[in-house]
Amino acid sequence: MTTNPKTPEAFDLSSMDMAEANRAKLKALFPSVFTETYNKNEELIESIDFEKLKAELGTFSDIFESRKERYGMEWPGKKEALRLIQQPSYATLKPCRDESVNFDSTENLFIEGDNLEVLKLLQKSYYGKVKMIYIDPPYNTGKEFIYPDDYKDSLENYLAYAGLIDDEGKKFSTNTANEGRFHTKWLNMMYPRLYLARNLLREDGVIFISINEAEVSSLKLLLNQVFGEENFVSQIIWQRSKKGDAKLIANIHEYILVYVKNYQSVLEKGVWRKRKEGVDQVLSYYKNLKNKFNNEHETIRKYMRDWYSNLNENDPRNTHKHYNFSDDRGLYFAADFAGPDDGRKNRPRYDIFHPVTGKSCKKPSTGWRWDEEKTKWALEQNPPRIHFGVDETTIPNRKVYLDETSFEPFSSVFYADGRSATLEVESLVGKGVFSFPKNKEILIELISLVCNSQDIILDFFSGSCSTAHAVLDLNKEDGGNRKFIMVQLPEPCEETSEAKKAGYDTIADIGKERIRRVIQKIQSELDQKEQENQSKIPELRDEIPQLDLGFKVLKLNASNFNTWQGNDPEIEEGELIKQLELHIDYIKPTATQEDILYELLLKSGFMPTEKVETLTLANKTVYSISDGALLICLEDEITRNLIDAIAQKEPLQFICLDQGFQRNDQLKANAVQTFNAHNQGKDTHQQILFRTV
């Protein structure tokens, strides 16, 4: 912070300056500038591509523009895509209360707009805070993928496309296979979005991307550049059907590419594990038997074996049928205690004495699996973790308890019928409204695999919002408070489509309606559970979780402020005069106080889900964000009494409109001196940052 400034700091209305932010770290932020080259001794070494680093930092040299190709992924338009990353956004996200649910209390977001602009706007407030990203981007089949015709004016393109400004020929288009740059247009669309998305991930964050065979190879090379090859985790194969029609080979699968932000950071947080299929039902049945038969473990075993035998062979519960022994600790499997037959002669061969006969038990020919110290510990447990036979003539076994081994790694190959997802979406928003939605249950598994109950999950190609549905259902299941951010272009539904007939104008409308109906369904279930609770005695009432059943709708739009563009060397004189006039009346007449508030909130680095309280200080309305960390006053008149009241509140930041000083430079100077006096001798984190806009 500047010491004793003479004027307030001007508020920055742009999104985060990526070039400046990226200079802070090198390899962590720019893995793509590290490449393989040969030194003078013909040894393969890792080196830094400094010309490419300059390009990523916004400086494009003649050397970079004209140099020959080298190892790495290159395509026409890549330099322009890189320039696009550097261009800040001056857009805003306007709140839309009418389309939201529980607007003031929810921490979930649905953002309608071009995801490139949205990702730029989220940089300040969500940088390094998202735990998981899942996206199902366009598969580049030559029909459905929408992109801006002119990347230089992406916001204007979007505003014209969405009907928010008069269309002056700027538009979004589809990508067709007849075009000569079929693949490169897809890469140019994906590259800046993935680059910006990576910044939003925590150090232990992870991204899952669904893709088919058309672009999986290109996407993997692209992700190696953006995330670094060392952060690749897996290429999962998802079989979506049992059969398919094809002239040569039926493609009945697609892929999920998995990358992490920092592999080591992810490992430090622990391994990824999922609940074994069928294990909860087995343990539930076992629990009922224990309640019925108490400690009659032989009886319990008989019932467990009979239950398993009546299950279908393909029933996932049947895979746990070897867990049929019981003791006071739980359901277990008597596992082999012998050491592996690896030829070692020095395996432990100590005595283990039978608890009834007192004699030394028979030893396996390969010795014991555990050393004597661990076996001693197992025998001392209550009940012991060693399973004995009738007498010493039987080799003892290890007890492996089902509830202690109920998790397993996620498989790189799995089957899940794609039709079930379609049926679920149809039940919520109508038949034929949305094609090829993602399977909510698979997304629940992925979220459960990597996220805890408080994490943020982002999907910036959200479509029908299967990801939001998964987050809401998982929170209902375990009482968690995971938050979602959905981003979707308001792509118009075709006039003859089932979606249009059902009353949906855009794909974004379908997603929002699906979330609303999921929330209604969950709320209805909770209300019914609450009614059932009232009939129970207090000691037996179920604990009903307090869930975030809402979402805040924000829509991409031009800034509420007329931004200065007079530095453009090509600007004409008449346009320059117009710019000067706009700079005087710089707030757009259509801007509401809430619109302005949310723009300042977002561009101050605060999440748009922060709780906003309204205070009255010195007879003026002041908005308090994050328990007073940020105070914003949008009144047309700023007074000395208000400045004194703000200083007493000691916020980290105070923002007001420059026009509030009504061209009274003396009052503005006094305000600066008031905050300077307050900041004198205080640590940086206790000082007030005073800014005007």
Side-chain angles (χ1 to χ4, degrees), residues 101 106-113 115 118-119 122 126 129-139 193-194 197 200-202 205-211 236 238 240 254-259 274 410 416 418 420-422 424-425 428-429 433-478 480-491 507-519 521-522 547-554 609:
V101 176
T106 186
E107 294 184 84
N108 298 317
L109 287 179
F110 182 99
I111 305 175
E112 185 175 304
N115 53 20
V118 171
L119 287 169
L122 294 180
Y126 286 94
K129 295 177 181 176
V130 173
K131 178 58 186 289
M132 172 180 159
I133 296 173
Y134 171 81
I135 56 173
D136 181 22
Y139 283 3
R193 288 162 172 81
L194 291 173
L200 300 180
L201 284 175
R202 292 172 10 181
V206 55
I207 184 168
F208 296 90
I209 307 179
S210 287
I211 198 71
I236 299 172
W238 177 350
R240 294 176 59 86
E254 60 184 57
Y255 304 93
I256 301 176
L257 291 179
V258 187
Y259 281 75
K274 70 163 190 169
F410 194 93
S420 61
T422 299
E424 181 167 43
V425 171
L428 291 167
V429 298
V433 166
F434 192 89
S435 302
F436 309 115
K438 277 296 172 282
N439 188 307
K440 177 203 68 178
E441 300 305 322
I442 299 303
L443 295 178
I444 286 177
E445 284 200 40
L446 295 178
I447 295 168
S448 301
L449 189 69
V450 303
C451 294
N452 67 31
S453 61
Q454 303 293 321
D455 286 338
I456 299 172
I457 295 95
L458 166 66
D459 183 345
F460 53 90
F461 286 98
S462 62
S464 70
C465 289
S466 297
T467 306
H469 191 168
V471 171
L472 290 167
D473 270 15
L474 184 56
N475 284 343
K476 179 192 72 171
E477 184 180 312
D478 64 8
N481 188 33
R482 302 167 189 85
K483 279 77 70 175
F484 64 74
I485 304 173
M486 301 292 106
V487 184
Q488 178 58 41
L489 187 75
E491 182 182 343
I507 299 299
D509 291 336
I510 297 172
K512 286 178 286 187
E513 185 60 22
R514 179 180 184 179
I515 301 174
R516 291 188 198 101
R517 295 188 184 185
V518 169
I519 288 172
K521 183 173 182 289
I522 294 174
L547 302 177
D548 182 350
L549 294 178
F551 67 105
K552 186 174 293 187
V553 175
L554 304 176
T609 56

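Atoms considered below: every heavy atom in the structure, side chains included; atoms not considered: hydrogens, waters and symmetry mates.
Atom NZ of Lys274 is surrounded by more than 12 heavy atoms from other residues, nucleotides or ligands within 6.0 Å.
A distance of 5.5 Å separates CG in Leu194 from CD1 in Ile207, rounded to the nearest 0.5 Å. With rounding to the nearest 0.5 angstrom, the CD atom of Glu107 is 8.0 Å from the CD1 atom of Ile456. Ile442 CD1 to Arg240 CZ: the interatomic distance, rounded to the nearest 0.5 Å, is 9.5 Å. Distance check, rounded to the nearest 0.5 Å: OG of Ser464 to CG of Asp136 gives 9.0 Å. Between the CG atom of Leu489 and the CG atom of Asn115 there is a distance of 7.5 Å, given to the nearest 0.5 Å. Distance check: Ile510 CD1 to Lys512 NZ gives 11.0 Å after rounding to the nearest 0.5 Å.
Inter-residue side-chain proximity for Val487 and Leu458 is flagged as met; some heavy-atom pair is nearer than 4.5 Å. Side chains of Ile515 and Asn108 form no contact here, defined as non-hydrogen atoms less than 4.5 Å apart. The side-chain heavy atoms of Val101 and Leu549, taken from C-beta on, include no pair separated by under 4.5 Å. Looking only at side-chain heavy atoms (C-beta outward), Ile209 and Tyr259 stay at 4.5 Å or farther from each other. Here the side chains of Tyr126 and Ile485 are in contact, with some heavy-atom distance below 4.5 Å. Between Ile507 and Phe434, the closest side-chain pair of non-hydrogen atoms falls below 4.5 Å. Between Phe208 and Leu443, the closest side-chain pair of non-hydrogen atoms is not below 4.5 Å.
Checked by atom type and distance alone, the side chain of Lys483 pairs as donor or acceptor with a backbone atom of Gln454 at under 3.5 Å. Of the possible donor and acceptor atoms, none in the side chain of Asn475 sits under 3.5 Å from a partner among the backbone N and O of Leu472. Put simply, the side chain of Asp459 never gets that close to the backbone of Met486: no donor and acceptor are under 3.5 Å apart. Panel note: side chain Asn439, backbone Ala421; no donor-acceptor pair is recorded below 3.5 Å.
The minimum heavy-atom distance linking Lys131 with Cys451 is given by the pair CG-SG, 3.9 Å. Closest approach of Phe461 and Pro138 over heavy atoms only: CE2-CD, 3.6 Å. The shortest heavy-atom contact between Cys465 and Gly511 is SG-CA, 3.7 Å. For the residue pair Leu119 and Arg193, the shortest heavy atom distance occurs at CD1-O, 3.5 Å. Across every non-hydrogen atom of Phe110 and Ser462, the tightest pair is CE1-OG, 4.3 Å. Of all heavy-atom pairs spanning Ile133 and Ala197, the tightest one is CD1-O, 3.6 Å.
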### Task
List the steps and the verdict of side chain to side chain contact (heavy atoms under 4.5 Å, CB included) for Leu474 and Arg482.
CA-CA 9 Å; Leu474 184 56; Arg482 302 167 189 85; 3.6 Å; yes
### Task
Start with the C-alpha distance between Arg202 and Asp455, add both sets of side-chain angles, then the distance that settles side chain to side chain contact (heavy atoms under 4.5 Å, CB included), and finish with yes or no.
CA-CA 10 Å; Arg202 292 172 10 181; Asp455 286 338; 2.9 Å; yes
### Test side chain to side chain contact (heavy atoms under 4.5 Å, CB included) applied to Asp473 and Ile522, step by step
CA-CA 8 Å; Asp473 270 15; Ile522 294 174; 3.7 Å; yes
### Message
Run Val433 and Val425 through side chain to side chain contact (heavy atoms under 4.5 Å, CB included) and show every step you take.
### Response
CA-CA 8 Å; Val433 166; Val425 171; 6.0 Å; no
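With Ser466 as the partner, the side-chain hydrogen bond (donor to acceptor under 3.5 Å, both in side chains) test is satisfied by one option alone out of Lys438, Arg514, Glu424, Glu441: Arg514.
Ring orientation note: the planes of Phe551 and Phe484 are tilted relative to one another, at an angle of 30° to 60°.
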